[in-house]
Amino acid sequence: MKRAERSMASDPYLAMNIIDSIPDSILNSQTITGSHNGNCLTVARFNKSAKDIQDNQWEEAKNWLRLIIVRSNDEQEKKRALDILEKTITLSTLPEPTDSLKEMLIAKLIASDSTIQHHSEEDLLSSRKSILKKPMYWITVIILLIVISLLLFNQHKQNKDKTIKSYRKEITQLTKQAKRINEGTSERLGIGKQIYDSIMNGGQMKNISIEHEQCFIDYYAFSFPQEYAALTSPYASLSLRHTTYLILKRMGFSDSDIKDILFVKAGTLRSYRLRIEKNRKA
């Protein structure tokens with residue numbers, strides 16, 4: 001944890017990888033041993049979620065965010081975790097999220113105002129009192145403030161227009177990108193909802209396209225994230241049709257109903273069940 005703290009300011013991505021090596025049993029605990037403060041676990045869980053997203057482990061990432069929401073004592077961090085969880089759920093429903101979108105989400109996760117404190121409160125207080133008593137400390141601080149102020153003023157004067165233009169361009173690009181994502185996601189979820197409602201009203205999925213079947217799965221995953229995670233987490237991998245079968249079972253349909261909905265033979269359903277069971281994690 002101390003190594004991660006030393007890396008946060010200079011290289012947050014290195015800190016993220018260091019925290020990833022910490023056992024999950026520690027990050028799942030209520031408290032952390034030693035002289036770390038109460039924000040340590042929250043920061044570590046944000047970083048752990050970021051690493052899981054980087055590795056395309058979406059369900060694990062969402063679980064760490066849910067843990068922050070449940071256990072953190074910091075209301076701001078809870079709110080931040082909830083906001084990022086919503087974005088993570090939306091992004092994880094996309095068939096192939098772009099690297100740029102994943103990087104934006106990872107950046108939000110590791111950009112925390114909290115820090116990992118590994119010093120005890122008494123040591124920190126004693127150290128601060130000792131430093132504050134030295135006149136050279138204040139002289140150095142004043143000189144540094146003056147130098148920093150002059151540098152910042154000069155930089156601001158020279159680069160104001162260039163910086164504003166760059167920011168505006170970046171905002172425009174991000175706005176367009178977000179709009180395309182929202183439009184595409186909304187359209188896919190809309191198709192999935194139509195199929196879901198049709199099934200609930202006695203409809204079938206006969207001659208449905210692969211893309212529309214994926215829309216149905218995406219809608220269920222987006223609307224019922226906990227149920228979807230419980231369905232899929234026990235298996236190493238699932239095909240499109242096998243996932244649809246599990247969802248229909250979760251919706252309360254019998255094998256006889258599912259046979260009619262998918263317009264398949266009883267032998268085909270038996271094959272689905274056997275193949276699904278073979279993919280169950282050990």
Side-chain angles (χ1 to χ4, degrees), residues 23-25 27-28 48-49 51-67 69-70 85-98 102 184-282:
D24 287 355
S25 58
L27 299 184
N28 271 307
K48 187 72 171 179
S49 180
K51 178 61 177 173
D52 284 336
I53 289 174
Q54 188 180 65
D55 296 338
N56 290 318
Q57 302 294 326
W58 294 97
E59 292 304 325
E60 287 83 351
K62 287 184 277 189
N63 287 336
W64 289 119
L65 291 169
R66 293 188 184 105
L67 196 61
I69 295 169
V70 172
L85 176 59
E86 292 175 353
K87 291 180 173 62
T88 302
I89 291 172
T90 301
L91 198 58
S92 66
T93 60
L94 300 177
E96 293 183 5
T98 62
K102 285 172 58 179
T185 301
S186 297
E187 182 180 355
R188 291 183 62 81
L189 294 179
I191 294 171
K193 185 178 187 306
Q194 289 178 0
I195 298 172
Y196 179 88
D197 291 342
S198 172
I199 293 171
M200 293 299 290
N201 291 319
Q204 294 181 321
M205 297 177 71
K206 180 182 178 182
N207 298 327
I208 190 171
S209 69
I210 293 176
E211 182 178 357
H212 283 188
E213 187 167 350
Q214 183 65 60
C215 289
F216 166 72
I217 294 172
D218 290 346
Y219 170 75
Y220 188 88
F222 184 80
S223 302
F224 311 100
Q226 292 183 344
E227 290 85 344
Y228 182 77
L231 279 177
T232 57
S233 58
Y235 304 99
S237 63
L238 289 169
S239 69
L240 192 72
R241 181 46 61 94
H242 295 162
T243 305
T244 299
Y245 172 80
L246 289 175
I247 290 174
L248 292 173
K249 290 290 287 186
R250 186 75 176 207
M251 290 168 64
F253 293 107
S254 66
D255 276 357
S256 178
D257 296 330
I258 296 174
K259 179 171 67 70
D260 295 335
I261 292 170
L262 298 179
F263 207 72
V264 296
K265 297 179 180 179
T268 303
L269 282 187
R270 286 195 297 271
S271 175
Y272 289 169
R273 291 196 299 270
L274 288 173
R275 290 180 178 275
I276 290 172
E277 194 58 33
K278 283 183 179 179
N279 282 307
R280 186 179 289 276
K281 294 177 182 176

**Q** For Ala61 versus Ile53, what's the shortest heavy-atom pair and its separation?
**A** CB-CG1, 3.5 Å
**Q** Heavy-atom count check: over 12 atoms from other residues, nucleotides or ligands less than 6.0 Å from Lys249 NZ?
**A** yes
**Q** Does anything in residues 202-215 pair up under side chain to side chain donor-acceptor pair (under 3.5 Å), and if so which pairs, sequence neighbours excluded?
**A** Glu213-Arg241, Glu213-Thr244, Gln214-Asp218
**Q** Do Asp257 and Ser254 have side-chain atoms, one donor and one acceptor, less than 3.5 Å apart?
**A** yes
**Q** Any chance you could measure Ile258, atom CD1, to Leu246, atom CG, to the nearest 0.5 Å?
**A** 8.5 Å
**Q** Check this for me, if you would: do Asp52 and Lys48 make a salt bridge, where the nitrogen-to-carboxylate-oxygen distance has to be below 4.0 angstrom?
**A** no
**Q** Enter the distance from Asp255:CG to Leu269:CG here, rounded to the nearest 0.5 Å.
**A** 5.5 Å
**Q** Please check if the number of heavy atoms outside Arg273 that lie under 6.0 Å from its CZ is greater than 12.
**A** yes
**Q** Can you name the residues that form a side-chain contact (heavy atoms from CB on, under 4.5 Å) with Asn279, not counting sequence neighbours?
**A** Ser237
**Q** Any side-chain heavy atom of Lys193 within less than 4.5 Å of one from Asp197?
**A** yes
**Q** Anything under 30° is parallel, anything over 60° is perpendicular, the rest tilted; go ahead and classify Tyr196 against Tyr220.
**A** tilted
**Q** Between Thr90 (side chain) and Glu86 (backbone), is there a donor-acceptor pair under 3.5 Å?
**A** yes
**Q** How close do Lys259 and Ala266 get, counting heavy atoms only, and between which atoms?
**A** CD-N, 3.5 Å
**Q** How many angstroms lie between atom CG of Leu262 and atom OH of Tyr245, to the nearest 0.5 angstrom?
**A** 9.5 Å
**Q** Is there side-chain contact between Ile199 and Phe216, with heavy atoms separated by less than 4.5 Å?
**A** yes
**Q** Show the nearest heavy-atom pair for residues Ala236 and Lys281, with the distance to one decimal.
**A** N-CG, 3.7 Å
**Q** If I take atom CG from residue Leu231 and atom CD1 from residue Ile247, how far apart are they, to the nearest 0.5 angstrom?
**A** 6.5 Å
**Q** If every non-hydrogen atom of Lys62 is compared with every non-hydrogen atom of Ser92, which pair is closest and at what distance?
**A** NZ-OG, 3.3 Å
**Q** Any pair with a residue in residues 224-235 that passes side chain to side chain donor-acceptor pair (under 3.5 Å), sequence neighbours left out, goes on the list, sorted by first then second residue, please.
**A** Tyr235-Arg280
**Q** State, to 0.1 Å, how close Ile261 and Gly203 come at their nearest heavy-atom pair, and which atoms those are.
**A** CG1-O, 4.1 Å
**Q** As an exercise, state the distance from OG of Ser49 to CG of Asn63, rounded to the nearest 0.5 Å.
**A** 9.5 Å
**Q** Flag yes if more than 12 heavy atoms outside Lys265 fall under 6.0 Å of its NZ atom; otherwise flag no.
**A** no
**Q** How far apart are the closest heavy atoms of Ile208 and Met205, and which atoms are they?
**A** CG2-O, 3.1 Å
**Q** For the CG atom of Leu248 and the CZ atom of Arg250, what is their distance to the nearest 0.5 Å?
**A** 13.0 Å
**Q** Name the one of Leu189, Ile191, Thr93, Ile210 that satisfies side-chain contact (heavy atoms from CB on, under 4.5 Å) with Cys215?
**A** Ile191
